Amino acid sequence: MIDDFWQMQMRQWPMAAAGNAALGLMRTRRLAFDGFEVRLQFNPARIRSTAADVRAQAIASRPCFLCAAHRPAEQLALALDGSGRFEILVNPYPIFDRHLTIAATAHTPQLLAPYLPDMLAAARALGSHTVFFNGAGCGASAPDHAHFQAVPRGLLPLPSEYAALAAAGLVDTIDAHADAVLTSTARLGRLACRIEGRSADSIGLLLRRLFAMLGSPGAEPPINALCECDDGLCRLIVVPRRAMRPRRYGDGPGRLMVSPASVEVGGVFVVPIESHFERITPADVLEVFADCCYTSWP
Ligand SMILES: [Zn+2]
């Protein structure tokens with residue numbers, strides 16, 4: 001069903017089709033680390049999100065692009081499930097081919113815990129996709145409207161890299177409840193936690209325990225999250241964040257125009273300036289992770 005919806009939108013919405021077609025022209029390269037990799041993507045169209053003004057005043061003064069009333073006429077919505085809580089949209093500013101947005105039908109703040117069942121439902125419904133969540137202040141372009149994104153699996157390397165470590169017994173068990181287990185590892189350049197389980201209740205309970213461990217000045221700790229489900233078994237990776245942007249963020253000499261969100265902590269650095277794309281080194285990547293994520297438990 002999602003394939004039919006996608007093809008229909010590509011035929012009916014020239015802007016989305018052009019955005020998707022432009023992805024084929026992008027330059028990419030890979031940086032290898034011990035046990036993981038980071039892929040760099042030169043994507044000049046993403047300057048609007050990489051350098052976005054995410055201050056509360058700027059957000060409050062713009063029409064919300066995820067509310068149905070402000071969407072382009074060509075942008076259609078596909079109900080996620082029978083709940084009526086979330087709907088699937090084609091992302092007109094894609095990072096990857098078949099990049100989807102899954103938006104709440106109500107204008108309600110960007111939080112994970114209240115909408116975890118919806119994220120799991122999306123990951124189950126879009127089984128060939130990685131569904132991800134950017135916390136407010138961690139890359140969410142609409143921190144005032146709850147939403148997820150989804151891209152085809154395999155494009156973000158973190159889930160499979162984590163799974164390889166878990167299969168080798170190289171992750172630490174932090175907590176468990178019923179059919180779910182919470183593990184973590186700092187072997188991938190940034191601290192990553194993973195809740196693996198079958199029921200939304202068990203996964204949700206471990207997520208709330210993880211949030212309590214991390215602590216937060218706001219409603220939820222700053223995080224990015226990526227979820228994949230197979231035959232009812234869901235794996236939710238949570239990457240705790242310590243800063244929105246790296247200390248050297250910017251476009252001048254010695255600066256890095258990288259603004260991490262789930263895509264970046266998931267292992268793909270989107271770089272909107274070509275000279276930065278060309279000069280970023282493995283040390284720069286590790287610096288961004290150290291600045292924006294944790295390298296050990298906080
Ligand atoms: Zn809205």
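Please read these numbers as outputs of a predicted model, since none were measured by experiment. When a ligand or atom number is given, it counts from 1 through the structure's own listing order.
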message = Any N/O/S atom from Cys67 (main chain or side chain) under 2.8 Å of the Zn ion (ligand 1)?
response = yes
note = min-distance N/O/S atom, His107 vs the Zn ion (ligand 1), resolves to ND1
query = Is the closest basic N to carboxylate O distance between Asp291 and Arg241 below 4.0 Å?
reply = no
ask   = Are we looking at SG atoms under 2.5 Å apart for Cys234 and Cys227?
value = no
query = When you measure from the centre of the six-membered ring of Phe36, is the NZ or CZ of Arg187 under 6.0 Å away and within 45° of the axis?
reply = no
inquiry  = Among the N, O or S atoms of His145, which one sits nearest to the Zn ion (ligand 1)?
reply    = ND1
inquiry  = Does Ser259 form a side-chain hydrogen bond (donor to acceptor under 3.5 Å, both in side chains) with Arg245? I'd like the steps, not just the answer.
reply    = CA-CA 5 Å; Ser259 189; Arg245 286 170 171 160; 3.0 Å; yes
